[in-house]
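To start, the structure itself, in structure tokens.
Numbered from 1 within each chain, the chains take letters A, B, ... in sequence-line order.
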Amino acid sequence: MPDTPGVVRRQTTDGRICLDHDWPQDARACRTLQRELADRVDTRHDTGPVATLGGVDIGFEDGGRTTRAAAVVLDATTLAVRERRLVRVPTRMPYIPGLLSFREIPGALAALEALETPPDLILVDGHGIAHPRRLGVATHLGLVTGRPTIGVAKKRLTGTHGPAPERRGAWTPLYDGETVIGAVLRSRERVKPIFISPGHRVDLDNAIAWTLQALTRYRLPETTRVADRLASGKPDF
DNA sequence: GCGACAG
DNA sequence: ATCTTGTCGC
């Protein structure tokens, strides 16, 4: 959304206009901006028809100076890969716990815009609202693009929870006090659970449902697995 | 002051 | 995230 704080329009060499960012460089200001943005998060479930699922993941090279961003599109029903895109942009921010989105969104935005067709729902590598200020990278990216997003993280950032169920597909709530901010999901038996949380325009139940839909025999959903291999430059196709 | 801390 | 050897198991 062009009117979201921190988001600005940029013109490419061929005259096209696309979204760019202009975040504060100071951590203090970034946290203030996060609290501001958190009020704009759409907590309702408002995805349109979902025919395609997107995956976004970021990797680094040159000791972190260059950011590699991958965006992929899979068929929501068959999980067949429809499109894959990889872009490189200079890294502008270091990793600071709680401020991950400011480091990764620039690349994610560039990769998404390189796609021919934007996905209907995006699964992001990282948390959604399961964040100290409710603004994880998935939520932030959803706000910036205006698209529905889900956070799929491999580790907990904040919140408390009971023991994760053993059964595949079962989950236990992730709490911030009395509020449920996500789910600790057993995506595969005998393997560490993953953390699912609403990003933007998706509620927790649907976030879990779509994650399960994108899950096969592995710990992580296919969307993030495909994006992962692309971003980390592994042997793929 | 002491731990915790997505990717 | 990245670096980085061997090892356990299907």
Q: Measure the OG1-CD1 distance between A:T158 and A:I181 for me, rounded to the nearest 0.5 Å.
A: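 It comes to 5.5 Å.
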Would you classify [X] as touching base, sugar-phosphate or nothing, given that sugar-phosphate means primed atoms plus P, OP1 and OP2, and contacts are heavy atoms under 4.0 Å?
X: A:Y95; result: base
X: A:L99; result: base
X: A:G136; result: base
X: A:G98; result: base

Nearest whole angstrom, please: distance from the [atom2] of [N] to the [atom1] of [X].
X: A:I58; N: C:dA1; atom1: CD1; atom2: P; answer: 11 Å
X: A:L100; N: C:dA1; atom1: CG; atom2: P; answer: 10 Å
X: A:D57; N: C:dA1; atom1: CG; atom2: C1'; answer: 9 Å

Q. Which residue pairs pass the salt bridge (charged side-chain N to carboxylate O under 4.0 Å, His left out) test when at least one of the two sits in residues 190-209 of chain A, sequence neighbours left out?
A.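 Qualifying pairs, neighbours excluded: A:D46-A:R201.
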For [X], which residues count as a side chain to side chain contact (heavy atoms under 4.5 Å, CB included) partner, sequence neighbours excluded?
X: A:R82; value: A:T52, A:V73, A:D75
X: A:R68; value: A:E61, A:L86, A:R88
X: A:T223; value: A:L53, A:L74, A:L123, A:A214, A:P221

Q: Under 4.0 Å from any heavy atom of chain A: name the first and the last nucleotide of DNA chain B that qualifies, 5' to 3'.
A: B:dA4 to B:dG7
Q. Is there a path from A:V87 to A:V137 through hydrophobic residues (I, L, V, M, F, W, Y) whose side chains come within less than 4.5 Å of each other?
A.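 Per the 4.5 Å side-chain linkage, A:V87 and A:V137 are not co-clustered.
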Q: Check whether A:L115 and A:I105 end up in the same hydrophobic cluster, where Ile, Leu, Val, Met, Phe, Trp and Tyr are linked by side-chain heavy atoms less than 4.5 Å apart.
A: yes
Q) Residues two or more places apart in sequence or in another chain: which of them pass side-chain hydrogen bond (donor to acceptor under 3.5 Å, both in side chains) with A:Q34? A) A:R133
Q.
Generate the contact string for nucleotides 4-10 of chain C. Rules: B means base contact, S means sugar-phosphate contact only, - means no protein heavy atom under 4.0 Å.
A. -------
Kindly say whether [Y] contributes a backbone atom to a donor-acceptor pair with the side chain of [X] at under 3.5 angstrom?
X: A:R219; Y: A:P193; result: yes
X: A:H200; Y: A:A138; result: no
X: A:S232; Y: A:D228; result: yes

Q | Dot-bracket encoding of pairs in DNA chain C, which uses [ ] for pseudoknotted crossings and | for another strand, Watson-Crick or G-U under 3.5 angstrom | A | ..........
Pairs of donor and acceptor atoms involving the side chains of residues 160-176 of chain A, under 3.5 Å and at least two apart or interchain, shall be tabulated with distances.
| residue | atom | partner | partner atom | Å |
| --- | --- | --- | --- | --- |
| A:R168 | NE | A:S187 | O | 3.4 |
| A:R168 | NH2 | A:T216 | O | 2.9 |
| A:D176 | OD2 | A:R134 | NH2 | 2.5 |

Q: Could you identify which residues of residues 204-218 of chain A place a heavy atom less than 4.0 Å from some atom of DNA chain B, listed by residue number, or say none?
A: none
Q: List in numerical order all residues of residues 184-193 of chain A for which some heavy atom is under 4.0 Å away from an atom belonging to DNA chain B.
A: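 DNA chain B contact set from residues 184-193 of chain A: none.
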**Q.** Nearest atoms (heavy-atom pairs only) where A:A108 meets A:V56
**A.** CB-CG1, 3.8 Å
Q.
Show the nearest heavy-atom pair for residues A:R31 and A:I96, with the distance to one decimal.
A. NH2-CG2, 4.1 Å
Q) A:F102 and A:Q25: side chain to side chain contact (heavy atoms under 4.5 Å, CB included), yes or no, with the steps? A) CA-CA 9 Å; A:F102 296 98; A:Q25 301 303 303; over 6 Å; no
Q.
For Watson-Crick and G-U wobble pairs within 3.5 Å on both distances, what is DNA chain B written in dot-bracket notation, | included for inter-strand pairing?
A. .......
Q.
If you apply the rule salt bridge (Lys or Arg N to Asp or Glu O under 4.0 Å), what do you find for A:R147 with A:D120, and how did you get there?
A. CA-CA 7 Å; A:R147 292 182 172 283; A:D120 297 320; 5.2 Å; no
Q. Between A:R28 and A:D26, is there a side-chain N and carboxylate O pair less than 4.0 Å apart?
A. no
Q. A:V226 pairs by side chain to side chain contact (heavy atoms under 4.5 Å, CB included) with which of A:L220, A:V81, A:L79, A:D57?
A.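 Single side chain to side chain contact (heavy atoms under 4.5 Å, CB included) partner of A:V226 among A:L220, A:V81, A:L79, A:D57: A:V81.
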